[in-house]
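So that the names make sense, note that chain A is the first sequence line, chain B the second, and so on, each numbered from 1.
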Amino acid sequence: MKSLRDGLKYFAYAIKSGLTTNVFNSNQLIHLYVKRGLIREAHKLFDEMPNRNVFTWNAIINGYVKARDLMQAQLLFTASPCKDSVTYNSMLSGYIDTQGYESDAVELFRQLQSQNHDARIDEFSLTLMLNLASKLGALIYGNQLHCYMVKTANNLSHFAVSSLIHMYSKCGCLLEAWKVFDGCPNGIYDLVSKNAMMGACIKGGELEMASELFWSRPELHDHVSWNTMISGYAQNGYEEEAIKLFKLMADEGYKWNEHSFASVLTACSSLKSRELGKQIHARALREGIITNPFISNGLVNVYSKCGDMKYAELVNATLGGENIFAAVSMIVGYSAVGNMLKAQQLFDSLAEKNLIVLTAIISGFLKSRQCENVFRLFRDLIQTNAVVPDTLILAGLLGACALGALIDPGKQIHAYLLRMGYMMDEKIISTKVDMYAKCGNINYAQRIFQKISQKDTVLYNIMIGGYAHHGFIYEAFQLFHEMKGKGVQPDAITFIALLSVCRHRGLVEMGETYFLSMTEEYEIQPETDHFACMIDLYGRANQLDKAIAFMGKLPVEEDAVILGTFLNACKSNKNVELAGAVEEKLLQIEGRNGARYVQFASIYALEEKWDEMGRIMKQMREKEVKKTTGCSWIHIGERVHTFTSSDRSHSEIDAIYFVISCLIQELDAIRLTEERILEESQC
DNA sequence: CTAGGGTTAG
């Protein structure tokens, strides 16, 4: 009586023949119903049974556990007149894999320990509880279970070994896991324990160890062994190895399943290989397992990472209904190509939102410099979903504060982090320093920065950039010196910061030295932003000839950033002819950017070329492009004071301009002194 | 009738 069909046939036959149905057969039938997910039928039979025994009760309780109806299982458990170890274990298993019932599991296990009933703790209960410890990362609890197992000789089976390895691995104790594995009775371990140990090595970052184990006993290989190894490589930056093993797996006669595909797709997305992704896509179609959500999500992720949103949308549409994993991938994809409208639409369409999807869209808005949207989204989601933000979300909010120069909200978030006792990792610390620097409070930034013992490149970059932003040239250069002294490697961003200092202070020679040192001393290839810095440096120093010569030697195609910077150089050097010469090229690349037309118009206006100016503005109108007006703002108390160019609408405008003129005088005085010091120090 | 290993997103 293996299948439900056979069971029912036999049962019907028994009734027809006038035989009384016995408890054993009915129990078996309940079990078969449960296996097929037919819990209502199982319960009906259970109700109709004149006699029940402990097996009957266990079968129906297990049925409700498998149907994830814990309330009903609990009711039956309480009602059952006869409970043995299996009854307890079934209930335990239900509690353990249902979110929110963990403490019930612990309580039931405690009851099991008391001796007032027929049930006893056995190996089943212990492996179940080890699972709970793994799930919660409760090392102390797991350790106690381990001790109990040793004391009661319940630590010797393969089940015990694999569960213990898994528990120690999940709790981050690779060494303990290894001790269990190594201490297997008579040194004999089974396939599952070997796979568990491989998984533990991978989680502990010991890929070599895992690989050695994998190849050590090929007779103990199964799908899981291959998939464990493939995912291990894929998740630890060994994409090529993962792909190699994926191929080898099939060559060795092991059929790919959804796990194999999901892992190899992770490797494709890290490599941003659209081609490989398409090949895997084709394979999955051929294997007929494309409908598996792990595989479809993986494909959406690969296409999104490669910026191929058409294909990502295509695969996503086949998912039928929303999927948060695919949605996150796509939001990241849209953000990368700057399409925040699509990202927002997708986000809004989601019925279920979590912290991960929120972080994804926040990062997108930050990339597109839309800080208001960050706060709006955060407020909406926090209010309606009562979620607790994590450090990644808070870092996103700090980023938005930095973008909007919002020091007060920034301080509030900082205080919230401290008050709630969040772990301050490198990421959140750097974001905090950056926020204070960008909000104009370089002193706070400096104070936090100085207290950090282990400073990395990112943090140095932020602080050097902060000093650059505030015009603290000595501090910036000195910090660069300190960085080198401490053996922290500068990167491309470091040099953007250094070149920014130079260009804002007209330090042409120093800029040239830094620029050359990039390739000659640090083997860092300069990119668009570095080239733009140099052009700007020459432009601001009124050395347009040098800028032109520099442009002539560029190893890359002139893009909008470079041409736009050159245009500014033309403007400050009042060279309308040169500006006119790049007009066609720049508008061809960025004809949709209204700011470019305004840029040209202002140059023509400066030299009173009114015809040229009229022509460019007409062109702008015809193309129906817009430029948002540049604006400055400051928060004072509850009020935001905004200013646009030559805007005199503020009620205190005369006082404001008076203070500005005083500040300019002071700045000029400071600059003269600094320049003299600099000249003397260079002598 | 109850228990062990591998898969997706910030």
Side-chain angles (χ1 to χ4, degrees), chain A residues 27-28 30-31 34-35 53-63 65-66 84-94 96-97 119 122-131 134 154 157-167 169 189-200 202-203 220 222-232 234-235 256-266 269 292-302 304-305 319 323-333 335 354-364 390-393 395-396:
Chain A
N27 289 348
Q28 194 65 15
I30 289 180
H31 174 65
V34 165
K35 246 169 82 179
N53 61 16
V54 64
F55 289 88
T56 324
W57 285 92
N58 289 347
I60 193 71
I61 290 169
N62 180 49
V65 165
K66 290 278 137 66
D84 64 358
S85 295
V86 177
T87 328
Y88 275 86
N89 292 338
S90 297
M91 204 57 224
L92 266 183
S93 121
I96 287 164
D97 24 80
D122 61 8
E123 224 192 328
F124 286 77
S125 344
L126 287 162
T127 46
L128 278 164
M129 291 308 284
L130 278 176
N131 255 349
S134 311
N154 273 314
S157 78
H158 291 319
F159 281 94
V161 169
S162 58
S163 302
L164 280 166
I165 292 171
H166 187 68
M167 184 275 294
S169 163
Y189 53 84
D190 77 337
L191 174 61
V192 178
S193 298
K194 176 184 150 174
N195 289 339
M197 196 59 231
M198 278 167 50
I202 288 163
K203 193 173 169 292
L220 280 185
D222 70 351
H223 285 88
V224 179
S225 327
W226 285 92
N227 292 335
T228 305
M229 232 23 243
I230 294 171
S231 87
Q235 285 166 356
W256 293 318
N257 67 8
E258 63 273 25
H259 293 268
S260 338
F261 276 102
S263 296
V264 80
L265 284 170
T266 305
S269 91
N292 179 283
F294 284 96
I295 297 175
S296 326
N297 291 341
L299 285 168
V300 172
N301 187 33
V302 173
S304 300
K305 275 266 162 54
L319 279 165
N323 184 297
I324 192 103
F325 287 89
V328 170
S329 300
M330 290 182 68
I331 286 171
V332 173
S335 302
N354 61 18
L355 284 183
I356 296 175
V357 69
L358 183 62
T359 315
I361 194 157
I362 285 178
S363 309
D390 61 6
T391 52
L392 275 170
I393 298 280

Spacing of [X] atom [atom1] relative to [N] atom [atom2], expressed in whole Å:
X	N	atom1	atom2	value
A:I362	B:dG10	CD1	C1'	10 Å
A:I30	B:dC1	CD1	C1'	10 Å
A:F124	B:dA3	CZ	P	8 Å
A:W256	B:dG6	CH2	P	23 Å
A:I324	B:dA9	CD1	C1'	8 Å
A:F294	B:dT8	CZ	C1'	6 Å
A:D222	B:dG4	CG	P	16 Å
A:I361	B:dG10	CD1	C1'	12 Å

With a 4.0 Å cut-off on heavy atoms, is [X] in touch with a base, just the backbone sugar-phosphate, or nothing at all?
X	answer
A:D390	base
A:L355	base
A:S193	base
A:N323	nothing
A:L191	base
A:S163	sugar-phosphate
A:V332	sugar-phosphate
A:N354	base

(request) Applying ring pair (Phe, Tyr, Trp, His ring centres under 6.0 Å), name anything that partners A:F325, two or more places apart in sequence or on another chain. (result)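 With neighbours one apart ignored, the set is empty.
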Among [options], find the nucleotide with the atom closest to the side chain of [X].
X	options	result
A:T359	B:dG10, B:dA9, B:dT7	B:dG10
A:N62	B:dT2, B:dT7, B:dG10	B:dT2
A:N58	B:dC1, B:dA3, B:dG6	B:dC1
A:N301	B:dT7, B:dA3, B:dA9	B:dA9
A:D190	B:dG10, B:dA3, B:dG4	B:dG4
A:L392	B:dG4, B:dC1, B:dG10	B:dG10
A:S90	B:dT7, B:dT2, B:dC1	B:dT2
A:H223	B:dG6, B:dT7, B:dA3	B:dG6
A:F159	B:dA9, B:dT8, B:dA3	B:dA3
A:K66	B:dT8, B:dG10, B:dA3	B:dA3

(message) So does A:I165 get a backbone contact from the side chain of A:S169, meaning a donor-acceptor N/O pair under 3.5 Å?
(response)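 Answer holds: no.
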(request) Please answer whether the main-chain N or O of A:S304 pairs with a side-chain N or O of A:N301 as donor and acceptor at a distance below 3.5 Å. (result)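 No, the answer is negative, given that no donor and acceptor are paired below the 3.5 Å cut-off.
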(message) Between A:N292 and A:N257, is there a side-chain donor-acceptor contact under 3.5 Å, judged purely by atom types and distance?
(response)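 Looking only at side-chain atoms, A:N292 and A:N257 do not form any donor-acceptor pair under 3.5 Å.
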(request) Would you please say whether a donor-acceptor pair under 3.5 Å links the side chains of A:S134 and A:N131? (result)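 No, A:N131 and A:S134 have no side-chain donor paired with an acceptor closer than 3.5 Å.
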(message) Measuring only between side-chain heavy atoms, which start at C-beta, is A:L191 closer than 4.5 Å to A:V224?
(response)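 Result no, sub-4.5 Å side-chain heavy-atom pair not found.
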(message) Please determine whether any donor N or O and acceptor N or O are separated by less than 3.5 Å between the side chain of A:T228 and the base of B:dG6.
(response)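 Flag unset: no donor-acceptor pair detected.
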(request) Can you check whether any acceptor in the base of B:dG4 is under 3.5 Å from a donor in the side chain of A:S162, or vice versa? (result)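 Flag set: donor-acceptor pair detected.
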Taking OP1 and OP2 of [N], is either one under 4.0 Å from a side-chain nitrogen or oxygen of [X]?
X	N	result
A:H166	B:dG4	no
A:K305	B:dT8	no
A:Q235	B:dT8	yes
A:N131	B:dG4	yes

(request) Please name all residues satisfying salt bridge (Lys or Arg N to Asp or Glu O under 4.0 Å) with A:D222, sequence neighbours left out, ordered by chain then number. (result)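 None.
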